[in-house]
Amino acid sequence: MVRVRFAPSPTGFLHIGSARTFIFNWLYARHNNGTMVLRIDDTDVDRNTQASRDSIFDGLKWLDLGWDELYHQSDRIELHRQVAWKIFEKGLAYRDFTPASAESDTKERSGGPWLFNPAMRELSNEESQRRADAGEPFVLRFRVPRDSSHPVEFRDAVYGPQSKLPADIEDFALLRSNGIPTYHMASCADDIDLNISHIIRGQDHLTNTFKHVLIFEAAGAALPIFAHLPLLIAPDGSKLSKRKHGPVVSVTTYRDAGFLPHAFVNFLCLLGWSPKDNREQMARQELTDAFSFEGINHSNAVVNFTDQDPFDPKAVWLNAELIRTMPVEELAKQLLPFVPNADPGKILQVTPLIQERIKLLRDVSTAADFFFLDELPPYDSAELIPQKGDAPMALAVLERAREVLSTVEFKHDALDQALRAAAQDLKIKPGQMFQPIRVAVCGRKNAPPLFETLEVLGRETTLKRINAALALL
RNA sequence: GGCGCUAUCGUCUAACGGUUAGGACAGAGCCCUCUCAAGGCUUAAAUACGGGUUCGAUUCCCGUUAGCGCUACCA
């Protein structure tokens with residue numbers, strides 16, 4: 001039975017790297033008909049915030065993938081303590097009474113890493129108990145074997161066999177002096193208790209895993225499968241951080257810019273994983289079917305953003321493709337929040353005209369603004385002058401257009417015929433006829449096709465705007 | 001410093017010893033066209049470096065270099 005977990009700590013907003021870890025866990029669970037556990041790792045009480053909790057849930061809900069079980073680590077501290085003390089009773093952990101303030105001095109490294117404080121590690125049971133009874137604070141440390149040259153080993157499902165000498169692992173803490181379990185302790189105790197079968201997480205935990213293997217073994221638990229994921233990094237090779245890279249690393253930034261959840265999911269899947277058959281645009285089910293650890297590669301992936309553009313071009317392309325291929329009604333619905341105060345019926349009319357012209361949902365506000373405005377914002381009257389034409393030509397075109405458009409039926413074919421005929425009368429090219437009209441009604445040169453646009457705008461608005469344009473000439 | 005992981009076009013990636021090193025995005029050009037898009041076609045662009053092993057290395061081994069991670073009573 002496959003049971004995976006995603007275990008964010010609520011100390012910041014939902015990071016896109018975390019989102020990817022969540023997605024890969026989800027895909028693995030669904031691929032194997034397993035269970036997806038969401039566990040909030042909130043043992044660091046000082047750093048947790050409600051805002052962060054909200055950000056994580058908002059982000060995960062937006063991804064629209066869901067989860068099967070939810071736990072809060074802070075509810076389970078007693079369990080973690082029990083496991084820690086069980087390890088202590090086996091003699092595999094000891095009390096370290098070194099005050100936190102004195103530690104930095106002791107740990108001054110001279111060449112190698114700090115491993116342990118011999119005085120504390122070798123403290124007799126009686127002495128240890130006596131000082132604890134006297135109320136002296138201590139941290140509980142794991143007693144990493146020092147008499148053995150056998151490496152700690154595990155097989156990573158992505159990176160293959162891993163091993164590390166005990167001599168390179170320090171006596172890490174299990175319980176802090178305030179009695180709260182450390183991340184390593186809480187995480188392992190929960191993974192054991194929740195019967196997690198596969199731990200899929202960022203590669204930043206790869207070397208931590210040796211400690212976890214030690215804890216699992218000390219607790220007498222079977223090892224889960226570990227699968228580590230390459231990290232997401234910035235174009236300069238540094239790791240993504242809020243301080244350095246700003247909102248580009250937050251899931252909500254993508255949501256607010258008008259990414260479709262699935263486009264975002266699809267994009268993230270392509271960073272560090274490949275179906276190996278050249279597919280890129282993949283539906284949720286295709287991703288689920290194709291997902292495997294074999295497809296995960298070993299090197300970090302760059303999220304290709306710049307100062308000018310916060311979004312990776314491939315993410316934008318994926319989003320644009322999805323927008324283009326989705327049903328008009330569905331797109332219109334998605335567009336709703338990006339056109340405040342607009343009539344939904346109007347949006348539905350406009351949607352087909354902009355469907356293949358927008359890349360992000362928010363683009364609707366610039367691509368279709370003139371449909372929703374009562375009055376056009378000011379534009380340069382020079383724009384009204386057609387290619388290879390002059391002001392008198394623009395004037396003639398608009399005057400003629402006013403005439404034609406006051407009687408013609410406002411339907412695509414009729415408009416097409418009437419306006420082309422008018423161009424012929426004026427002995428100008430169709431394009432020269434259309435451009436002044438387009439600028440007059442849209443307020444700019446680049447816009448959706450003219451006849452469809454006029455049809456949506458209607459006779460009244462069209463004539464009003466042509467008159468306004470005429471006044472400019 | 002120690003330990004670990006990694007290294008193919010600008011970016012994401014494919015090629016599990018033999019390919020003209022493939023695809024995608026972004027870029028350039030052309031076509032289509034009422035503008036903008038969309039679409040079609042074409043094009044430029046990579047195996048970090050040095051040693052091995054092998055008839056033959058992108059691929060296996062070693063070294064160098066570079067990047068990243070861990071080295072907390074953070075997660």
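Computed over heavy atoms, backbone and side chain alike; hydrogens, waters and symmetry mates excluded. All chains are named by letter (A, B, ...) in the order of the sequence lines, taking the proteins before the strands, and each is independently numbered beginning at 1.
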For this session: State, without any angle test, whether Q417(A) and D413(A) hold a side-chain donor-acceptor pair at a distance under 3.5 Å.
Result: no

Exercise. Rounded to the nearest Å, what distance is computed from the CD atom of residue E170(A) to the P atom of nucleotide rG1(B)?
Worked result: 19 Å

Seminar exercise, completed: Separation of rC73(B) atom C1' from F172(A) atom CZ, nearest Å, is 14 Å

Do [X] and [Y] make the cut of ring centroids closer than 6.0 angstrom?
| X | Y | value |
| --- | --- | --- |
| H212(A) | F154(A) | no |
| F434(A) | F451(A) | yes |
| F311(A) | F259(A) | yes |

Exercise. For atom P, what is the distance between rG40(B) and rU47(B), given to the nearest Å?
Worked result: 30 Å

For this session: Determine the interatomic distance between C1' on rU65(B) and the same-named atom on rC31(B); round to the nearest Å.
Result: 48 Å

Answer yes or no: does a side-chain N or O of [X] lie under 4.0 Å from OP1 or OP2 of [N]?
| X | N | value |
| --- | --- | --- |
| R176(A) | rC74(B) | yes |
| K276(A) | rA14(B) | yes |
| R39(A) | rA75(B) | no |
| T43(A) | rA75(B) | yes |
| H298(A) | rU6(B) | yes |
| R279(A) | rA24(B) | no |

Problem set entry | Contacting residues from residues 262-271 of chain A, given that a heavy atom lies under 4.0 angstrom of RNA chain B | L270(A), L271(A)

Problem set entry | Closest nucleotide among rC3(B), rG4(B), rA24(B) to the K314(A) side chain | rA24(B)

For this session: Scan nucleotides 32-39 of chain B nucleotide by nucleotide, 5' to 3', and note B when protein non-hydrogen atoms come under 4.0 Å of the base, S if they reach only the sugar-phosphate, - if neither.
Result: --BBBBSS

